[in-house]
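Here the structure is laid out as structure tokens; the discussion comes afterwards.
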Amino acid sequence: LMRTNNTDQNETNIPNFAALNTSIVNEEEQLVKKLLVKELLANETMQELEKNYLIDIAKRKNNRTIIKLLEDIPTRLHN
């Protein structure tokens with residue numbers, strides 16, 4: 001897979017992350033799913049810290065579906 005952009009792999013897509021945050025708070029499961037796919041297409045993985053942050057929000061909402069979606073995401077470790 002060739003990359004046309006030279007963005008650093010550890011860079012967060014802020015607009016997408018903010019949208020994910022909002023969709024989890026609003027419990028919009030389909031939107032969460034769509035945004036996660038977008039995130040993974042862009043980066044293949046998510047930072048552990050971001051993933052845990054989003055899972056915390058989903059847990060506060062007690063939304064099992066969203067928690068499961070988030071837990072299934074591959075993460076990358078900082079080196």
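Values below: all heavy atoms of this structure, side chains included; hydrogens, waters and symmetry mates excluded.
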Hey, could you give me each pair passing salt bridge (charged side-chain N to carboxylate O under 4.0 Å, His left out) that has a residue in residues 62-73? Not counting sequence neighbours. K68-D72
Look up atom NZ in K34 and atom CG in L20, then write down how far apart they are to the nearest 0.5 Å. 11.5 Å
Heavy-atom closest pair, residues I66 and E27: CD1-CA, 3.8 Å
Donor-acceptor pairs under 3.5 angstrom involving side-chain atoms of residues 52-61: please list them, not counting sequence neighbours.
| from | atom 1 | to | atom 2 | distance (Å) |
| --- | --- | --- | --- | --- |
| N52 | ND2 | E48 | O | 3.3 |
| K61 | NZ | V25 | O | 3.4 |

Cluster overlap I67 with I24, hydrophobic side-chain contacts below 4.5 Å: no
For K33, which residues count as a side chain to side chain contact (heavy atoms under 4.5 Å, CB included) partner, sequence neighbours excluded? Q30, L69
Nearest 0.5 angstrom please: E28 CD to T22 OG1, how far? 8.5 Å
Distance, nearest 0.5 Å, that separates CE of M46 from CD of E39: 4.5 Å
Between T45 and I73, is a side chain to side chain contact (heavy atoms under 4.5 Å, CB included) present by the stated rule, with each step listed? CA-CA 7 Å; T45 57; I73 294 174; over 6 Å; no
Taking the side chain as every heavy atom from C-beta outward, state whether T75 and Q47 have any pair of such atoms under 4.5 Å apart. no
Between the main-chain N or O of T65 and the side-chain N or O of N63, is there a donor-acceptor pair closer than 3.5 Å? yes
